[in-house]
Number of protein chains: 2
Amino acid sequence: MAESPETPSSPRESARHSVTLQDIAAHAGVSRSTVSLVLRGSSLVADTTRTRVQASIQALGYVYNRGAAALRASRTFTLGVVVYDIANPFFGAMVAGIDSVLHRENYVSFLANSEDSPQRQQRFLERMREQRVDGLLLCPAEGTDPALVSRLADWSLPCVQVLRHVGEPPFDYAGTDFELGVRQAVDHLVTCGHRRIVFLGGDAEHSATQARHRGYHEAMRAHGLDDVHRVIRGPVTRRAGFDAVQRLMQESPRPTAVICHNDLMALGAMLGLQRLGLTPGQDCAVIGTDDIEEAALSLPALSSVATHPYAIGEEAARLAMRRIADPDGTREQVILTPRLHVRDSCGPCTADATPPRRCTDVVDI
Amino acid sequence: MAESPETPSSPRESARHSVTLQDIAAHAGVSRSTVSLVLRGSSLVADTTRTRVQASIQALGYVYNRGAAALRASRTFTLGVVVYDIANPFFGAMVAGIDSVLHRENYVSFLANSEDSPQRQQRFLERMREQRVDGLLLCPAEGTDPALVSRLADWSLPCVQVLRHVGEPPFDYAGTDFELGVRQAVDHLVTCGHRRIVFLGGDAEHSATQARHRGYHEAMRAHGLDDVHRVIRGPVTRRAGFDAVQRLMQESPRPTAVICHNDLMALGAMLGLQRLGLTPGQDCAVIGTDDIEEAALSLPALSSVATHPYAIGEEAARLAMRRIADPDGTREQVILTPRLHVRDSCGPCTADATPPRRCTDVVDI
DNA sequence: CCTCAGATTTGGATCAATCCAAAAACGAGG
DNA sequence: CCTCGTTTTTGGATTGATCCAAATCTGAGG
């Protein structure tokens, strides 16, 4: 009847300090270490013991303390994710893809929005270091110091770059072959008889912009179209597409097709054509990049090079998991293959001397 | 010349174990405690000491260990954020708003996407508890157990509900007055002469859906339009809007206006009208909710009730900060006032006997 | 009954910080 | 030079888990 030290749990005690391994151990009549092993699903503990301990865990309403565990085990099951524009639907889809993989792997992620500012990005990275994240998914902000990646390596913080990349290979990277994407668009348009194809591109200097421009240049050259080859640089917004296409259509001879850096620009370009009383796909072909949901539903439906944001997110997260498990493994680059979805916004060329031929490429909804 | 214990730092040592308070203390010739005080910006330390310690911190490349600090101080500077559809642009904007406040407050956030599954949500919440987050921002998944909120309170985990809410007040909440938003839309349409106004709504049973329906019912009643009052329930997607409006326009007499649960539905509805050869804003008025970026750029430009996702995110984060600072303070509900942006998709009613009058309300770009 | 290998269990040290009561240093006044 | 009251600084305990080497338990074989 006397108070025995083996029965420490009183109803109010749980309020005083949270239940710990020690409490479970006392309740189940085993040691702290055994409880720890049960929690981590070790095969060392006997089945009867395991059951007893699990019952105590239930009974006392124990909550695992990951912070304490991480302190000793130096593994946090935590990942940092930096994007530069979370308000952009593309990143929403990408983050959803990341989340799906992390959920499976029992990881959680810190998310931050750099707003394309290297300073904000830097601050977040420092914070992530303090949090001792196991790894990092980084869409580098425009103007990121190329030395950053090697600095992260010095900190031995696994980092997977996503969509854009800076610094020298080898590094881990997940993205899309933007170069190929633009080439597909040019090839398709040329097949449809177009020659005066303009590229409406971005003015930033990161890898994703460069790759698109390279793709455009090379495809045009391959088709012997160096003479009509033309890039307009500027912001990659709806309005920029809207304005640029209207300026272009005043010219003579005017372009018969435009390829846009992303779908927002392309949708803007279509509106610009309509504003001039022209019909996209008839008077001027328009092809976008990303294939956001809106593309298939616009009028006319926008042809677009799909870049699969959800899949990129999944691949990036998978890569991070792999690098965390094997920090010294060889770096990997996962480059997804984009796919042109042909819809109504790019028809055969009717403006040029070239006899209009029927397009027979794949047509998607 | 003999190795003195006061100079412990050798170049390779930093690789062996990470630099700790102890190392800084030794380097600066003070105690662990003093270094800790400096790190936390305490006013107790003398200026000369502070400078010396800070120099040592720089010299040794020390990185604060938040995990260890949190273990003792039981404060993590960490917030959990659960949304149900991160791929939706609305949430992208909201998360950006949250992020901006947290960045200022030196907090970081764990983000998870419940995909509107209470199970996924539950699992994330448990994980957040294990991480000992200081608080929670929760957009409850459809079907969330109303008891959840009080359970969180039992765990003494501050929780701010966002956009939707479950359980019994008082609780912390940040959202928009959806009821008022719909009422504004109805009032405007009635002013323009419309009477047969249909509401295209959601089929879910959470607070945000209910509020919209209530707003519609009451506004219609206030205008004596009980007899023509009509709600269509279904998913809240582009396609649902597209389909529903086409079915409605087959009827006789047909509605002269539709108000939609969100902008995606409204954009779909406009496409549906165009598919039938009708002109939105002329043959049938369309008003959406949210005022996403796309709304102003569609053709015709969509009238929409702005719900300010970025601002909601900011308010929610601010509320969380307040509740963490004062856990027993009275709960607060921040309800933002929505604002109807009138554009081309809702003109005067031309179909009815009522003499069409000129709309003189505010017109926005 | 003893031995020994294999299966379980354990306690003490450790991770890197904060808390707190007490000690030390300091400066002014007697 | 000695108090006395601030201002600074300090060491030991504490937080809640994991690691690891050693202790204990088991059961089969001799």
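Values below: every heavy atom of this structure, side chains too, minus hydrogens, waters and symmetry copies. Each chain gets a letter, A, B and so on, in the order the sequences are listed, and its residues count up from 1.
Of the candidates C:dT9, C:dG11, C:dC19, the closest approach to any side-chain atom of A:Leu44 belongs to C:dT9. Listed nucleotides C:dC19, C:dT9, D:dT9 differ in distance to B:Thr34; the shortest reach to its side chain belongs to D:dT9. Comparing C:dA17, D:dT10, C:dT8 against the side chain of B:Ser31 picks out D:dT10 as the nearest. Listed nucleotides D:dA17, C:dT9, D:dT9 differ in distance to B:Thr49; the shortest reach to its side chain belongs to D:dT9. When distances are taken from the side chain of B:Ala46 to each of C:dA16, C:dT10, D:dT8, the shortest belongs to D:dT8. Comparing D:dT10, C:dT9, D:dC20 against the side chain of A:Val45 picks out C:dT9 as the nearest.
Using a 4.0 Å cut-off, no side-chain N or O of A:Arg50 falls inside it from OP1 or OP2 of C:dT8. For A:Thr20 and D:dT15, the shortest distance from a side-chain N or O to OP1 or OP2 is not below 4.0 Å.
Checked for salt-bridge contact, A:Arg52 and A:Asp47 miss the test: no charged N lies under 4.0 Å from a carboxylate O. At a threshold of 4.0 Å, the pair B:Asp154-B:Arg151 does not count as salt-bridged, since none of the basic side-chain nitrogens sits closer than that to a carboxylate oxygen. Ion pairing between a basic and an acidic side chain is recognised when a charged N comes within 4.0 Å of a carboxylate O; A:Glu315 and A:Arg318 show such pairing.
Look at CG on A:Asp23: it is 9 Å from P on D:dG16, rounded to the nearest Å. We find that CG of A:Asp47 is positioned 14 Å from P of C:dA7, with the value rounded to whole Å. When rounded to the nearest whole Å, the span between CD of B:Gln131 and P of D:dA17 equals 13 Å. One atom, CD1 of A:Ile57, and another, P of D:dA17, lie 10 Å apart when rounded to the nearest Å. Straight-line distance from the CZ atom of B:Arg132 to the C1' atom of D:dA17: 11 Å, rounded to whole Å. Atom CG in A:Leu21 sits about 15 Å away from atom C1' in C:dG12, given to the nearest Å. C:dC15 atom P lies 11 Å from atom CD of B:Gln22, rounded to whole Å. Atom OH in B:Tyr64 sits roughly 10 Å away from atom C1' in C:dA16 (whole-Å rounding).
The nearest heavy atom of DNA chain C to A:Ser43 and to B:Leu37 marks one nucleotide each, and the one closer to the 5' end goes with A:Ser43.
Below 30°, between 30° and 60°, or above 60°: for A:Tyr107 and A:Phe77 the angle between ring planes is between 30° and 60°, a tilted geometry.
Within the model, atoms CD of A:Gln131 and OG1 of A:Thr78 stand 7.5 Å from one another, a figure rounded to the nearest 0.5 Å.
B:Ser33 comes within 4.0 angstrom of a nucleotide base, judged by non-hydrogen atoms across all strands.
Contacts between residues 69-77 of chain A and DNA chain C, counted as heavy-atom distances below 4.0 Å, involve A:Leu71, A:Arg72.
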Decide yes or no on ring pair (Phe, Tyr, Trp, His ring centres under 6.0 Å) for A:Phe124 and A:Phe110, but give the supporting numbers first. CA-CA 10 Å; A:Phe124 181 75; A:Phe110 288 105; 7.4 Å; no
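For the residue pair B:Thr34 and B:Ser31, a side-chain donor N or O sits within less than 3.5 Å of a side-chain acceptor on the partner.
With hydrogens and angles ignored, a donor-acceptor pair under 3.5 angstrom links the side chain of B:Arg32 to the base of D:dG12.
Geometrically, B:Arg127 does not engage A:Tyr64 in a cation-pi contact defined by less than 6.0 Å to the ring centre and at most 45° from the axis.
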